[in-house]
Amino acid sequence: MAEEFNTDGMLDVFLYESGHLLENLESIILEKQNADCFDDADINEIFRIMHTIKGSSGIMMFDNITKVTHKLEDVFYYLRESHPENVPHMELVEKVFSVSDFVVGELDKIKDGGTPDTDESSLLEELDGFLSHIKGEIKEQGIRLPRENKSEEPKQFYITPVASEDSHFYRIVIHYRNDTMMSNLRAYSATYALKEVAEELLYAPEDIISNEDSADVILAEGFYMLLQTKCSKDEILPLVDSSEAEKIDFDEISAEDFGRGVSALSAGGSIIIEPKKEEKPAPKKTNNQPVVPGDYVVKTKETGKGKTLAKNQPKKQSIVSVNVEKMDILMDLIGEIVIAEAAVLQNPDLKVPGLELDNFQKAAAQLAKITTDLQEAIMSMRMMPLTNVFQKMRRIVFDVSRKLGKDIDLEVIGENTEVDKNIIEHISDPLMHLVRNSVDHGIEADPGMRTELGKPERGKITLEAKNEGGKVYISVRDDGKGLNKEKLYEKAKQQGLIGDKQITDFSDSEIYRFITLPGFSTKEVVTEYSGRGVGMDVVVKDIQSVGGRLEIDSEEGFGSEMTLVIPLTLAIISGIVVEVGKFSFVLETTSVKEFVKVGEDAVVKEPSGEEYIVLRGECYPFMRLSDRYNLSEVNDKVDDGIVVVLEHEGREACILIDRLLQEQEIVVKPIPSYIKKVQGLSGCTQLGDGSIALILDVAGLVQNEERS
């Protein structure tokens, strides 16, 4: 009855499930890192995670992962069975993280198409030493050691039943939750665990390894097992992985019924099990007595007929995994639909004077609604919570603070805030850099310095995310020593980054932004961790590449706050189309503060050529797009145009346009690589009439005007 082993199609689910389990593992460990010990629930959960990954990796034949996870499973097996005291908690935490890092590294190799071939021997030695220490503690406390947690290579076999007086026969039916992924692998894990205590073990479906479709059968009808063993029910139940089970039916049956099941399977038939209909115990019967309702029934089916199992109504999967590349294609297609919709609704042929298009306008409104709903649905599919990113930050704070000898508490707020997947990939590294800086240079190394200022000895870093006005704000806040403006100014001047300007020429926020200048550093001694300012220019570039910005605020002696302001998505934005001469530009709606009409007398021109506009007593930098981009046939008279007030990071500037066309959804397209990058332009888009409009980078325009 051996099956031909085949892992095709199982690898993606293995990687997904293992990654999810490891994230859950780190969450448990980090939550209890400062506790005295793990409670029973945590020990059971960690044991279950290691047991599941061990079984899955064993089936996939990743031997080093199997050995390492089994060894850590041994550790928590002894903790679960013996409950020893005086277990070194922090050392145990580090051992769990070592195993987690090892498995994550091997999974990354597999994702890249490689082989998980890292030598596990040194890690196994460390775990063996720690396990020996635990066993010593158990013996010293006078607790009897539990039996060994043995494991064998995954294989499927049947042991010829030799029933004795103390043999028990069980019917076990596992009903998994509808959203359980790779249920056939979980079913195999159950058989793999039970075979260690089995005298005989049969199950249906039989092809849980070689047939991927068996997973659907299991979800719809349950996984059935017949077990002959000398163990009691209480000894059997803990061996069955029930983490994804909705219900487990566990009944003791007679040897006769078990024999019928053996005969049925041996004859090539299937096991048919009728559920119990009555709660009263079944009366004793001989071979001549008929089977009555409530008895366990096993029948042999005719060859070629489908299986008939307990549950009649199939259960459907509620979650489907989709390749990210397919999601990207879908996003591109909705972008093309938005462009095509604009081409239809803004077609010049519709602008005939006196043309009545009532029915067309109704159909167009319906099309616009459907397109908007479709766009929102696809966008929601791409949205992911920041939970995983924030989880990585927890680990970074734990590792760096341990190495630097600092006592730091991390508070996480708003980790369920959702952002486009592509955005998450771009902000993970910048956020990691900011968190490391807060640990390394934000929090004081000497607790005495903190107590002198009335702060607790234990440092605190707050990681917060929130969604406001189509933007996501991610803040890294610490209660450390803050930024020293005089020191920042002197460093920037020594490094030749600000010329001969005096400190009074800069606002506080401008001085804080010195740390984002290339080459700026306040670090006196280089360590393995970046100091506040080291590499911050790279952080800013990464954030700006997704249309975001970095805001910095600080109070010397009491901490700093770094805030990433990023868009929800990159693909489609709300924009305002304007014209300058014959040229079209797009302004992001959230960057426009107001449109105003002014006269020439509102313009102030400096001898150096710089222009400013005075509005309600306030003076704003003023630029003409015709001058900046050398546009021809443009009317530069302020009286005939419209002044647009733009805002970015609290700074404002004004531009002059000729006409305001419309507000619409803009599909962002990158400027082709063969065109030289021009400051102030972030991309382009296609309008409804087929023409191309350039998308203005408000951040670049405002910053450039302030520098000038």
Side-chain angles (χ1 to χ4, degrees), residues 489 492-493 496-514 516-517 544 549 551 575-661 671 676-684 693-708:
Y489 170 76
K493 191 170 184 179
L497 300 175
I498 57 175
D500 296 329
K501 291 185 177 180
Q502 301 300 312
I503 191 171
T504 53
D505 296 333
F506 302 98
S507 64
D508 289 352
S509 60
E510 289 173 330
I511 294 176
Y512 296 147
R513 279 198 295 271
F514 287 167
T516 66
L517 297 174
Q544 290 179 345
R549 66 179 188 269
E551 297 179 351
I576 299 174
V577 184
V578 300
E579 276 190 346
V580 179
K582 298 180 180 180
F583 304 93
S584 299
F585 294 91
V586 175
L587 298 168
E588 190 173 356
T589 304
T590 56
S591 299
V592 177
K593 187 175 181 182
E594 63 177 324
F595 299 92
V596 294
K597 290 283 290 185
V598 298
E600 291 288 348
D601 56 347
V603 180
V604 177
K605 192 166 186 178
E606 296 288 340
S608 59
E610 298 174 3
E611 290 186 307
Y612 297 87
I613 279 189
V614 179
L615 297 176
R616 296 179 291 275
E618 295 288 336
C619 191
Y620 301 92
F622 177 61
M623 74 186 82
R624 303 173 191 263
L625 296 180
S626 57
D627 294 338
R628 173 177 286 276
Y629 299 119
N630 298 318
L631 307 180
S632 57
E633 301 180 16
V634 175
N635 182 3
D636 274 345
K637 291 184 178 180
V638 176
D639 292 338
D640 299 334
I642 302 172
V643 172
V644 185
V645 182
L646 305 175
E647 184 178 24
H648 174 73
E649 295 186 4
R651 293 167 289 173
E652 297 169 333
C654 298
I655 62 172
L656 179 66
I657 64 172
D658 292 342
R659 286 171 296 281
L660 172 63
L661 298 184
I671 295 177
K676 182 179 179 181
K677 183 173 178 59
V678 179
Q679 186 171 7
L681 299 179
S682 60
C684 59
L694 297 174
I695 301 174
L696 292 175
D697 176 18
V698 175
L701 292 176
V702 172
Q703 290 173 358
N704 189 72
E705 279 303 299
E706 288 209 343
R707 291 193 196 100
S708 61

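Hydrogens, waters and symmetry mates are skipped; everything else that's a heavy atom, side chains included, is used.
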What's the separation between atom [atom1] in [X] and atom [atom2] in [Y], rounded to the nearest 0.5 Å?
X: Ile576; Y: Phe595; atom1: CD1; atom2: CZ; value: 4.0 Å
X: Asp601; Y: Ile613; atom1: CG; atom2: CD1; value: 10.5 Å
X: Phe585; Y: Leu625; atom1: CZ; atom2: CG; value: 5.5 Å
X: Ile511; Y: Ile503; atom1: CD1; atom2: CD1; value: 4.5 Å
X: Ile695; Y: Glu588; atom1: CD1; atom2: CD; value: 9.0 Å
X: Asp658; Y: Lys637; atom1: CG; atom2: NZ; value: 12.5 Å

Sorted by chain and number, sequence neighbours left out, salt bridge (Lys or Arg N to Asp or Glu O under 4.0 Å) with Asp627 holds for none

Sorted by chain and number, sequence neighbours left out, salt bridge (Lys or Arg N to Asp or Glu O under 4.0 Å) with Lys593 holds for Glu652

Which atom of [X] lies closest to which atom of [Y], heavy atoms considered:
X: Ala693; Y: Val586; result: CB-CG2, 3.9 Å
X: Tyr489; Y: Phe514; result: CA-CE1, 4.1 Å
X: Cys654; Y: Val645; result: SG-CG2, 3.9 Å
X: Cys684; Y: Leu694; result: CB-CD2, 4.2 Å

With sequence neighbours left out, what residues match [X] under side chain to side chain contact (heavy atoms under 4.5 Å, CB included)?
X: Lys597; value: Ile642
X: Val596; value: Glu594, Val598, Leu615, Val643
X: Asp639; value: Glu600
X: Glu618; value: Tyr620

*Starting from the C-alpha separation in whole Å, work towards a yes-or-no answer on side chain to side chain contact (heavy atoms under 4.5 Å, CB included) for Leu661 and Glu579.*
CA-CA 7 Å; Leu661 298 184; Glu579 276 190 346; 3.6 Å; yes

How about Phe583 and Tyr629: are their ring centres within less than 6.0 Å of each other? no

Partners of [X] by side chain to side chain donor-acceptor pair (under 3.5 Å), sequence neighbours excluded?
X: Ser591; answer: none
X: Asn630; answer: none
X: Thr589; answer: Ser574, Glu663

### Side-chain heavy-atom pair Ile655, Leu696 within 4.5 angstrom cut-off
yes

Practice problem: Could you walk me through whether Asp697 and Leu681 pass the side chain to side chain contact (heavy atoms under 4.5 Å, CB included) test, one step at a time? | Solution: CA-CA 5 Å; Asp697 176 18; Leu681 299 179; 5.8 Å; no

Q.
Quick check against the 3.5 Å criterion: does Arg659 have a side-chain atom that pairs as donor or acceptor with the backbone of Gly581?
A. yes

